[in-house]
Amino acid sequence: MSTTLGSRKVWLYWAAGMAWFYLLLWPLMGIGADGAVSFADSLAVWGYVAAASAALLALRQLHARGAFAAVTSPLARGLAGAKTGMDKVPPAVWWSLALCIAAALPFGSGRYVQDVAINVLIYICLGLGLNVVIGLCGLLDLGYIAFYGVGAYTYALLSIHYAMPFWMALPVAAALAAVAGCIIGYPTLRMRGDYLAIVTLGFGEIVRLILNNWMALTNGPNGILGIRPPTAWWPSFEGTFGFELIQMKKLTALYFVILGLTVLTTIAVHRLNFSRIGRAWEAIREDETAAELMGVNTFRLKLLAYATGAVFGGLAGAFFAARMRFVSPESFTFIESAMVLAMVVLGGMGSIPGVMLGALALVALPEVFRQFELYRMLAFGGAMTVMMLFRPKGLWPAKRFGARSEEMD
Amino acid sequence: MTGTATPILELRDVVTCYGRIQALKGVSLSVMPGEIVTIIGANGAGKSTTLMTICGITPPQSGAVFYQGQRISGLSPDLLPSRGLCQVPEGRRIFPRLTVRENLEMGAFFRRDKDGVQRDLEHVFSLFPVLRERRRQRGGTLSGGEQQMLAIGRALMGRPRMLLLDEPSLGLAPLIVRHIFSIIERINKQEGVTILLVEQNANLALQLASRAYVMETGRVTMEDDARALLANEAIKKAYLGE
C-alpha cells in the first residue's frame with residue numbers, strides 16, 4: 001500500500017481526519033429530538049464521505065507519483081496554451097461576453113432560475129460595495145447590511161407614504177445610506193482593526209433594532225407591505241403608437257433593473273479602484289501611518305470609503321424592497337452581513353470578478369444543495385473550508401495589472 | 001551656525017505622552033537649512049517619538065514645533081508633505097502589496113504636476129537603479145536594503161526641503177548601510193535637502209552629520225558638533241563601543 005498509494009503517513013492522517021469527522025457527525029445525526037440514539041444514518045453518510053475522500057486521496061497520491069502523466073501533461077500544456085491565448089483577448093471582450101450571457105439568461109429560463117439570478121445580482125452589488133470598504137480600504141465592517149436596510153426602508157417608506165416612484169427614490173436611498181455611513185463612520189473610524197470590527201457589528205445590530213422597535217415609523221417586526229414595483233415607459237401598440245407607464249411586476253423586467261444596477265456598480269467600483277482615491281485606499285489598507293506620512297488624509301478617505309460602500313448597499317436595498325414589495329427587519333440580520341463578507345473573502349478581496357464569483361458561489365451553491373435540505377449547511381461549511389484551504393487568496397485573487405502604473409514603460 | 005538665520009525646524013520644550021507615560025519630557029532642538037543633524041541615543045530614549053511628534057502622528061501635549069518659522073504642531077499630519085517635510089519612518093513601512101512603482105507614486109500623492117512627478121521618478125531610479133529593475137515587483141518581495149531604498153525614494157518623490165530619517169540602518173548589512181548613507185549625503189550635498197537623522201549606529205551617524213543631539217529617557221542630554229562628540233570620552237564609552 002505504501003508503495004503505490006503514497007506513504008503510510010498520509011493515510012494515517014486521513015484515518016484520523018475521518019475519525020474526527022465521525023465524532024463531529026454522529027451527535028448531529030445520531031441523537032433524535034426525543035432522545036433516541038441511532039448510528040445507522042450517521043454511518044451511512046459517513047461511509048459515503050469516507051469512500052469519496054479515500055478515492056480522491058488515492059487519485060491525488062497517484063497523480064503526485066505521475067501515474068497519470070500520460071493524460072495530465074498534454075492536458076496541462078493545452079490549458080497553459082489556452083490561458084496564454086485567453087490572456088491575449090482584452091478584458092473588455094470577456095466583460096461584454098459575460099454581460100451578453102447575463103442579458104440572455106432570463107429568456108428561456110423559468111421563474112426559479114430568474115429568482116436565483118436576481119438574488120445573485122443583489123449580492124454582487126452588496127459584495128462590490130463591501131469590497132470597497134474591506135478589499136480596498138482594509139476596514140473590517142461587520143455591520144454592512146445596515147446600509148442595505150437603510151436603502152430598503154427608505155424606498156419602502158417613500159413608496160407607501162408619498163407614492164414616490166422607484167427611480168426617484170433610488171438616489172434618495174443612496175444618499176440616505178451614505179449619510180448613515182458617515183454617521184456610523186465618524187465616531188468609529190478612529191479605531192483600527194479588530195476594534196472597528198466589533199463596533200461596526202454593534203452598529204449593524206443597532207440599526208436592526210431600530211427597525212424592529214420603532215413601531216410608528218417602520219411597523220416593527222410586521223414589516224411594511226404594499227411597496228410599489230419599479231415603473232417604466234413601455235412602447236404600446238394599442239390603437240396609436242405611444243408610450244405607457246407600466247409597473248414592472250414581471251421577474252424578467254426586475255431582472256433587467258438589477259442587472260442595470262449591477263453594471264452601474266461594477267463600472268463605478270472599477271473606476272474608483274484605478275483612481276487616485278483607490279490608490280490612497282490601498283495605501284491605507286497596507287499601512288495607515290505610512291499613508292498619512294505621504295499626505296493622505298486618512299480620516300476623510302476612510303469616511304469616503306465607508307460612504308461609498310454604503311451607497312452601493314443602499315441602491316441594492318432599494319431594489320430589494322421594490323422586488324419583494326415587502327420589507328421587515330428579519331432581512332437585515334448579522335448573518336446577512338456575514339454572508340456578504342464571506343462572498344468578498346471567498347471570491348478574493350479587492351477583485352471585482354472575484355467578488356462576483358464569490359456571490360455566485362454562495363448564493364447558487366446552497367440552491368444546488370437544496371436536495372440535501374438537512375445537510376445543506378454542513379456541506380456548505382465543508383465546501384467553504386476546502387475552498388479556503390486550497391485557494392486562501394480567493395477564487396479569483398486581485399491582480400495588479402496596472403494600466404496605471406505601467407503606462408510609461 | 002550663524003545667529004541671524006532662522007532654523008528650518010525648531011522644537012521648543014516638546015512634551016509627548018503615550019497614555020500616562022511621558023515619552024518626551026521637554027525636548028528642544030533646532031535644525032538650520034542645509035544641515036545634517038543627527039539624534040543618537042539608546043532604545044526608548046524618545047528618538048522615534050521625536051520624529052513622530054514633528055510629523056503630528058503623536059501630537060505634543062505641550063510645547064511647540066516650528067517649521068520654516070510657522071507653528072506646525074496641531075496640524076494634521078497629511079498637510080506636511082506638501083510643505084516639503086517628509087519622513088522615512090522607522091522600519092521602512094513601505095506598502096507591501098503595491099508595486100515598487102506604485103509605492104513611489106504614493107510618495108507624490110499630494111502633487112498634481114504629472115511631468116514633475118515623472119521627472120522625479122526618473123531621478124529616484126537614477127539614485128537607486130535597483131528600484132528601476134524591480135519597479136513591477138511588489139514592495140513586500142524586496143530585500144531589506146531594497147525596501148529601505150524604496151522608503152527613501154518614496155519620501156524623495158514628495159520633493160522634500162527637509163527629510164526626517166528614522167534608523168535607515170536598521171537590520172541591514174554594513175555594506176548596504178554605507179551605500180545608503182552615501183546616498184543620504186548626496187541628497188543633502190547635491191540637492192540641498194536638510195536632513196534630521198535618527199540613528200542607533202552612532203559612529204556612522206556622527207561621521208555624516210554636522211551637529212548632533214544625544215537623547216536619554218525623553219530628554220536631550222547633550223548637543224554639540226558631531227566631530228566633538230566623536231572625540232568625547234563619555235560618548236565613546238556609551239555609544240561608540242570603544
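Just so we're on the same page: letters track the sequence lines, and every chain starts at 1. Values below: every heavy atom of this structure, side chains too, minus hydrogens, waters and symmetry copies.
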Please flag which part of [X] lies under 4.5 Å from any non-hydrogen atom of chain A: side chain, backbone, both or neither.
X      : value
B:M157 : neither
B:C55  : side chain
B:I57  : side chain

Worksheet item: Is there a donor-acceptor pair under 3.5 Å between the side chain of A:E286 and the backbone N or O of B:R97?
Response: yes

Atom [atom1] of [X]: over 12 foreign heavy atoms under 6.0 Å:
X      : atom1 : answer
B:I21  : CD1   : no
A:R300 : CZ    : no
B:R132 : CZ    : yes

Item to complete: Can you see which heavy atom on A:M294 is nearest to which on B:F110, and at what distance?
Response: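 Closest approach of A:M294 to B:F110: O-CD2, 3.9 Å.
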
Worksheet item: Shortest non-hydrogen contact from B:P81 to A:G295?
Response: CG-N, 3.5 Å

Discussion item. Just so I understand: if I count every heavy-atom pair under 4.5 Å between each of B:S76, B:A151, B:P96 and chain A, which residue has the most?
Written reply: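 Top option by heavy-atom pairs under 4.5 Å: B:P96.
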
Worksheet entry | A:D287 CG to B:M106 CE distance, which is reported to the nearest 0.5 Å |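 So the gap between those two atoms works out to 10.5 Å.
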
Discussion item. Distance check, rounded to the nearest 0.5 Å: A:L293 atom CG versus B:D78 atom CG?
Written reply: 10.0 Å

Fill in: Within 45° cone of B:F109 ring axis and under 6.0 Å: A:R276 NZ or CZ
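Geometry flag: set, cation within 6.0 Å and 45°.
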
Discussion item. Please determine whether side-chain contact (heavy atoms from CB on, under 4.5 Å) holds for the pair B:M52 and A:T289, giving the CA-CA distance in whole Å, both sets of side-chain angles, and the decisive distance to 0.1 Å.
Written reply: CA-CA 10 Å; B:M52 284 298 183; A:T289 304; 4.3 Å; yes

